[in-house]
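Naming: A, B, ... by sequence-line order, numbering from 1 per chain. The figures here come from the full heavy-atom set of this structure, side chains too, leaving out hydrogens, waters and symmetry mates.
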Number of protein chains: 4
Amino acid sequence: MGAVKTKRMPRAVREQQMLDAAVRTFGRRGYMAASMDEIAELAGVSKPLVYLYLNSKEDLFTACIRREAAALTAAVRAGVRPGLPADRQLWDGLRAFFTHTSHYPDAWSVLHLQARTHGEPFASEVAAMRAEIVAFVTQLILVAAREAHRDPDLPASEVAGVAEALVGAAESLADWANAGPEVTARQAAATLMNVAWAGLGNLMAGSRWTPPEAAH
Amino acid sequence: MGAVKTKRMPRAVREQQMLDAAVRTFGRRGYMAASMDEIAELAGVSKPLVYLYLNSKEDLFTACIRREAAALTAAVRAGVRPGLPADRQLWDGLRAFFTHTSHYPDAWSVLHLQARTHGEPFASEVAAMRAEIVAFVTQLILVAAREAHRDPDLPASEVAGVAEALVGAAESLADWANAGPEVTARQAAATLMNVAWAGLGNLMAGSRWTPPEAAH
Amino acid sequence: MGAVKTKRMPRAVREQQMLDAAVRTFGRRGYMAASMDEIAELAGVSKPLVYLYLNSKEDLFTACIRREAAALTAAVRAGVRPGLPADRQLWDGLRAFFTHTSHYPDAWSVLHLQARTHGEPFASEVAAMRAEIVAFVTQLILVAAREAHRDPDLPASEVAGVAEALVGAAESLADWANAGPEVTARQAAATLMNVAWAGLGNLMAGSRWTPPEAAH
Amino acid sequence: MGAVKTKRMPRAVREQQMLDAAVRTFGRRGYMAASMDEIAELAGVSKPLVYLYLNSKEDLFTACIRREAAALTAAVRAGVRPGLPADRQLWDGLRAFFTHTSHYPDAWSVLHLQARTHGEPFASEVAAMRAEIVAFVTQLILVAAREAHRDPDLPASEVAGVAEALVGAAESLADWANAGPEVTARQAAATLMNVAWAGLGNLMAGSRWTPPEAAH
DNA sequence: AATGAATGAGCATTCATTCAT
DNA sequence: CATGAATGAATGCTCATTCAT
């Protein structure tokens, strides 16, 4: 168990081994319960080497977040083709997202659970990634409106809220799909598309749900 | 700092003070970073008394989860009137939910972040509450279908996925609304109703979004 | 489990209940591992009452030692008839001793193990009892010598050593007999009589084992 | 106070220092009253190092018992010459035993008092050593019988009881000799030889002490 | 490039003991 | 006669981090 203890590797390689071990350990045990001892052992190196390369537990965790955030956004971007219609882009992006989160559950735990749970500086690190995704979805909504030849009469703030809701729903479905093998990435994406696309269509058609007058 | 140090309180009262302090501390620092020392001091009692009444850190955290889960579901239930149409019930439930989470952000952090992040036995404790809410939303969807005189041709498994997505979206919007004072509970509820209700309507009308053929 | 919780008992009775509980708890858990909580609960009273009557854990333990030491020496004395020949007295005393220790194993644990293991002031408390027994055995040896019409040419210091050895052997056999049900008090007494009486007889006859000259 | 604080010792050396400190502390304070803090300080190291090398208080105490049990049996074995007559072997063994116990009183306290008083897993650890010694004495008795050209008509169970009694007497005399400087190892051994050897001789000659008929 | 040796600081938990009624 | 409420002081144990080589 743990990486084979090969000696004298170049620094870059060793660092990736350490990050692999760290993501796995942080993802499974949680940030606080993960011990540097366990990470070092899993990486097949001594603890001082981990400190030499990555400075501290905090820095190590931050490095994990950054690496995995970049990997996730890269996966989503790689799944999407800019020229296609907006719904197709959304569909492709969701599939890439769910595929990635189900392939790397430890990384997803780090990003979605651990980083958000343990305050600064981790929360803002992952918030940056999330903002990027929300912005992407927001763009897609606006593009969709244009494609439907409608001026989005949605105020910008409301579009942001809608994007936020969609991303939240996607995150939730990722956990849901990860919980058991019955739900595939494709099914999760289809479920979300059904709710979202229809809802967005109506929304852009101007038919909103109107809240009742605030009583007393 | 901390509660006023009143002496010789009956046990039931002290226990609530301890739970108040614990929810606040767990919600802000996180389960692991919270120290029993800090909780005891915030509650205005000595550590041994906390142990005498609540046994262990684990039991204390579990008691927090149970109390706050009960409070949240009670708040939602209290906000909903069973006789009204399904959309109105959903709207009222969402408003009650967002109002409660914004009033008690520490409790929301305990339920949504801390309990889920720190494994068993906490995760299943809060999962029970969540399952209850998902079941409630699922019922509402089916009721809405009946009200629209449509047999929901949605398979049960798909309804479950939709409910999961809506609850996830709501959770996300609760965090979003809590992050700053610009978004009110009412606005969060309206945003979600817009996406959800329209989407559900289309869905029940049988117009689903169809994924493209799987390319290979 | 524990004494029936009858209220308002006279002090003397309550004290005995407490001592019963204490002997049992100290004997089984050991002095340090026994908690005042457990003793109070087993005695069916509240902790402050234990303190009111017996002052402290140390005093409580001392009281246990005294009571049980008195009970043990009383039992031995009651088993012996002063007029009889010395060997018969020794035999009767040993039988009384082994019978008592096997009837009250917790008390024996308190006297033989716990009190000796936990230093002053307990060790000297039980040492007093032991000294009394050693003195009794010493007397018996001298009486036996007189009965055999021999001036014991044993120096007093050597008689003391012999008595010490016999008492140690008896203590050891008490543990041995308590360890399993195969050995009865009668058998333990017979075994010791066989070693001791023959040895003493030879000793008094002047035939001692002579150590070799101290070599180099 | 405590060992000289020399830095950076190899592990094996440090471990012995820790065991030295632990035997001394456990022997004087008792197992429960001894604190890991005190042991670490006496060993001239920090507490975490003690835990790193010896895992837990329980393991540390067990390691003490094992080391000292091995040392004591080794000392006895080293004092005995297999070829010599049985009485000479017994004499030499006893002298070695009393010499060792008086040289290492803390170790003797650990083995004879502390380990037996604090239950499993310690009791059985030291019981193994004791069984070894009892077996050795039993052998010696049988050899002595052969040397006297007598079939020991003692049943095996009775020989076991006799050996048990002798070992118990020896243990008691060790405490007695340790209590003050007036009694030397040589005197303790002589005292026990006098009781034992004469007693054994008579026993093997078939002249046993017969208990009176059981009355009523 | 890599590690064996070592620690300061903190944490959950327990216990003997007391006060106010 | 009796107790519910409360605590000061330890104790076993763990962890992130560093130093000397």
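The base of F:dC1 has none of its N or O atoms less than 3.5 Å from a complementary donor or acceptor on the side chain of C:R14.
When heavy atoms are screened at a 4.0 angstrom cut-off, A:R11 is found touching no nucleic acid atom at all. No engagement by D:A40 is indicated, since no non-hydrogen atom pair under 4.0 Å with the nucleic acid exists. A:A33 comes within 4.0 angstrom of no nucleic acid atom, judged by non-hydrogen atoms across all strands.
Between A:Y53 and E:dA2, a side-chain N or O to OP1/OP2 separation shorter than 4.0 Å is present.
Regarding C:D37, its CG atom lies at a distance of 14 Å from the C1' atom of E:dT18, rounded to whole Å. Separating the CE atom of D:M36 from the P atom of E:dT7 is a distance of 14 Å, rounded to the nearest angstrom. Between the P atom of E:dT17 and the CG atom of C:L54 lies a distance of 12 Å, rounded to the nearest Å. Between A:I39 atom CD1 and F:dC15 atom P the separation is 12 Å, expressed in whole Å. The CD-C1' distance, from B:E38 to E:dC11, rounds to 13 Å in whole Å. Taking atom CZ of residue D:R8 and atom C1' of nucleotide F:dT21, one finds them 8 Å apart after rounding to whole Å. Going from atom OH of A:Y51 over to atom P of F:dA20 covers 18 Å, rounded to whole Å. Summarising the geometry, the separation between CD on B:E15 and P on F:dG4 is reported as 15 Å, rounded to the nearest angstrom.
Relative to the side chain of A:K47, the nucleotides E:dT17, F:dA16, F:dA10 differ in distance, and F:dA16 lies closest. With F:dT3, E:dA16, E:dA6 as the candidates, the nucleotide lying closest to the side chain of C:P48 is F:dT3.
Looking at every heavy atom in both residues, D:R11 comes nearest to D:L52 through NH2-O, 4.2 Å.
Between D:A34 and C:P10, the residue anchored nearer the 5' end of DNA chain F, judged by the nucleotide with its closest heavy atom, is C:P10. Comparing A:L49 and C:K57 along DNA chain E, the residue whose closest nucleotide (by nearest heavy atom) sits nearer the 5' end is A:L49. Heavy-atom nearest nucleotides on DNA chain E were determined for A:L52 and for B:N55, and the one closer to the 5' end corresponds to A:L52.
Using Watson-Crick or G-U wobble geometry with both donor-acceptor distances under 3.5 Å, E:dG10 finds its partner in F:dC13. When Watson-Crick and G-U wobble pairs are counted only if both distances are under 3.5 Å, F:dT21 pairs with E:dA2.
Checked by atom type, the side-chain pair D:S124/D:E120 shows a donor-acceptor distance below 3.5 Å.
A cation-pi arrangement, defined by a distance under 6.0 Å to the six-membered ring centre and an angle within 45 degrees of its axis, is absent between C:K57 and C:Y51.
Checked against the 6.0 Å centroid criterion, the rings of A:H118 and B:H118 qualify as a close aromatic pair.
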Practice item. Could you check B:R29 against B:D106 for salt bridge (Lys or Arg N to Asp or Glu O under 4.0 Å), going step by step and ending with a plain yes or no? Key: CA-CA 10 Å; B:R29 296 252 191 274; B:D106 295 332; over 6 Å; no

